[in-house]
Each structure stands twice: as C-alpha cells, then as structure tokens.
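Every chain is numbered from 1 and lettered A, B, ... according to where its sequence line falls, protein lines coming before strand lines. Atoms considered below: every heavy atom in the structure, side chains included; atoms not considered: hydrogens, waters and symmetry mates.
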Amino acid sequence: MPEMPEVEVTRRSFAQRIAGARVQSLRLGAPLRWPLGREPAELVGATVGETLRRGKYLWLPLALPEEPAGGLLLHLGMSGSLAFTAGEPAAAGRHDHFDLHTSLGLLRLTDPRRFGAVVWAPALDGGMAARLLAGLGHEPFDEALTPERFHAALQRRRTPIKAVLLAGEVIVGAGNIYACEALFEAGIDPRLPADRISRPRAARLLAAVRQTLASALALGGSTLRDFRDAHGMDGQFQLQARVYGREAQPCPRCAAPVRRLVQAQRSTFFCAACQKR
DNA sequence: CGGGACGCCTGTGAGC
DNA sequence: TGCTCACAGGCGTCCC
C-alpha cells in the first residue's frame with residue numbers, strides 16, 4: 001500500500017480500538033523483510049499503547065511488565081495492509097504473515113509480496129527502529145519545514161526533483177503516486193534537477209505536496225489493487241488522480257497526452273506541456 | 001559523498 | 001485457454 005496517506009488512514013482506523021489491549025499471542029507466517037528480532041512468546045502479556053506513524057512506518061508500543069517499554073515497527077511495503085477485527089478471527093490465509101492476537105481483537109498484516117516488515121525495537125529511537133528511521137526527512141505537515149528550508153534542502157541535490165521527493169530524505173510520505181500528482185499540481189517537470197528550482201517554485205511544490213497528501217487523506221487514500229484500511233475500506237483518491245496511471249490520456253489542464261517515463265526504476269507520469277523545466 | 005541500479009517477492013493484465 | 005512478459009503503491013544495500 002503504502003504511501004503516507006494510506007499508512008495514516010490505516011493508523012486512524014485501528015489505533016483507538018487496539019489501545020490498552022493485552023497481547024495474548026503472536027503468529028508469524030512466511031518471512032517478511034526482516035526477522036522480528038524477538039522471541040514472540042516474550043511479548044505475550046504486553047499492553048498495547050498509542051499507535052504512532054513516522055513516514056510510512058507505524059509504531060505500536062508494547063509495554064511489558066518486567067522491562068522498559070519497547071514496541072513493534074511496522075511497514076506495509078508495496079502490497080501490505082493491516083486489518084483489525086474484534087470477535088472471532090478468520091483463519092490465516094496464505095498472505096497473512098503476522099497476527100497479533102489481543103484481548104480487544106486481532107491485528108493482522110496481509111502482504112502478498114512480503115516487502116513489508118514487523119520488527120521489535122526497544123524504543124522508537126533505539127535499536128532497529130532508530131536505524132530504519134534515521135535518514136527520514138520532515139513529516140509533510142511539520143511546520144518546521146518552511147518553504148525556505150525546503151528550498152535550501154533542494155539546493156543541495158542535483159538529482160531530478162521526482163527522485164528527491166521519492167527518496168524521502170527531505171520530506172517523507174510522497175511515494176510514486178503522490179510525487180507525480182504534486183509535481184503536476186506545482187507545474188514542475190519531474191526531470192528538473194532539484195537545485196534548479198527557484199524559491200517561489202519550491203514554495204509552490206511544498207504547498208502542492210501538502211495539498212495532495214491532505215486530499216488523499218480526506219479520501220481514505222488510494223486503492224489501486226489491494227489497499228484497504230483496517231476496517232477493510234477502499235480508498236478513493238485514485239479516482240481523482242490527474243496524471244498517475246493515465247499515460248496517453250489527455251492532460252486535465254491542457255489536453256496534451258500524459259506521458260510516462262522511467263526515473264529511478266519507477267514510472268513517472270506527467271504533462272510535458274504544463275510541467276516546466 | 002552523491003547518485004544510480006539491484007533485489008527482495010507475488011500477483012495481475014496485456015499480448016500473443 | 002495458456003503461456004510469457006512487463007509492471008506494480010517501497011526501500012535497504014551495494015556499487016561506481
């Protein structure tokens with residue numbers, strides 16, 4: 001699934017319902033991206049805290065009686081989704097690779113491609129979690145990320161702006177869909193080296209990223225194939241994508257055909273007429 | 001070091 | 001119908 005809106009929509013759809021639950025058992029399916037890093041039996045009896053999000057990661061705090069708090073860092077990879085169900089859980093299917101049975105219900109990770117991860121860490125800023133989160137940029141709605149700072153960060157990269165957005169080292173959360181959409185909204189050619197973007201255009205891009213992500217959040221994210229929130233609901237943003245997945249269709253602004261090219265091994269969709277270098 | 005390619009996996013849809 | 005191929009929302013790692 002997995003850009004920031006989908007992860008955040010998922011978080012909101014189960015965080016309140018699982019908070020305070022007592023862990024009863026864990027079930028691991030096929031290996032995910034990394035090993036759990038902890039004996040599952042040792043987590044039985046832990047109390048679930050408030051689920052947080054950092055970038056496209058979720059942090060599920062688990063308080064154990066006999067040791068300082070730790071938790072599970074979850075990532076949904078390309079094809080993962082989480083479901084939280086109270087009551088009688090369905091039997092695990094072939095793509096269900098992590099089950100957290102609790103006193104309030106079952107949190108289940110379904111991930112056909114298994115690029116996702118569930119990793120134990122002693123703290124959000126410790127162990128494996130610290131390593132994985134170390135290089136992340138600002139949260140998109142972090143007010144500390146001013147247009148000036150955004151522009152200054154872009155000035156330090158010569159890579160195409162699309163790749164800079166995807167890398168998440170300046171600003172996290174925009175994956176392939178939203179990076180394409182934000183660049184379209186800002187009228188910026190995805191091939192433009194980041195350091196050639198003027199201050200006013202950087203400000204416009206930052207606003208476009210925020211507006212695109214906010215819009216996707218409001219629409220429950222994008223469901224291209226498998227994304228569902230933890231209630232099993234589809235997202236709707238994909239229905240209003242302006243360029244993503246629309247190769248050869250008319251640009252909604254100028255009617256020129258939307259083009260596709262490959263950058264950093266990923267498809268980029270854009271309008272060569274509206275998006276300027 | 002910045003920047004780019006690779007690989008992890010499975011599923012789906014297009015084209016033949 | 002059945003096969004092969006390209007492609008898919010991410011990201012850590014390795015190489016130059």
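- Comparing L136(A) and I177(A) against DNA chain C, the residue whose closest nucleotide sits nearer the 5' end is I177(A).
- Judged purely by distance below 3.5 Å, without hydrogens or angles, the side chains of R260(A) and S267(A) pair a donor atom with an acceptor atom.
- Taking every side-chain heavy atom of K56(A) into account, dC11(C) is the closest of dG9(C), dC11(C), dA8(C).
- Between dG9(C), dG12(C), dC7(C), one nucleotide has an atom nearer to the side chain of E6(A) than all others, and that is dG9(C).
- For L132(A), the listed nucleotide lying nearest its side chain is dG12(C); candidates were dG9(C), dT10(B), dG12(C).
- Nucleotides dG9(C) and dG3(B), compared at atom C1', are 23 Å apart to the nearest Å.
- Ion pairing between K56(A) and E6(A) fails under the 4.0 Å rule for side-chain N and carboxylate O.
- Judged by centroid separation below 5.5 Å and plane tilt below 30°, F115(A) stacks onto the base of dC8(B).
- Distances from the side chain of R157(A) to the nucleotides dC7(C), dG9(C), dG3(B) place dG3(B) closest.
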Dot-bracket notation for DNA chain B, counting Watson-Crick and G-U pairs under 3.5 Å, with | for partners on another strand: .|||||||.|||||||
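- Between the side chain of R113(A) and the base of dC9(B), a donor-acceptor pair under 3.5 Å is found.
- Looking at heavy atoms from C-beta onward, M128(A) lies in side-chain contact with W34(A) at the 4.5 angstrom threshold.
- Comparing the same atom, P, in dC3(C) and in dC9(B) gives a spacing of 25 Å after rounding to whole Å.
- For the 3.5 Å distance criterion, the side chains of E181(A) and T212(A) fail to qualify, holding no donor opposite an acceptor.
- Per the stacking criterion (ring centres < 5.5 Å, plane angle < 30°), F227(A) does not stack onto the base of dG9(C).
- Contacts with DNA chain B (heavy atom under 4.0 Å) in residues 158-175 of chain A: R158(A), T159(A), listed by number.
- Salt-bridge check for D96(A) with R108(A): passed, with a basic side-chain N closer than 4.0 Å to an acidic carboxylate O.
- Between K162(A) and N176(A), the closest side-chain pair of non-hydrogen atoms falls below 4.5 Å.
- Among the nucleotides dG12(C), dG11(B), dG10(C), the one closest to the side chain of P112(A) is dG11(B).
- Between the side chains of Y244(A) and S222(A), not a single donor N or O lies within less than 3.5 Å of an accepting N or O.
- By the 6.0 Å and 45° rule, R253(A) stacks over the aromatic ring of F184(A).
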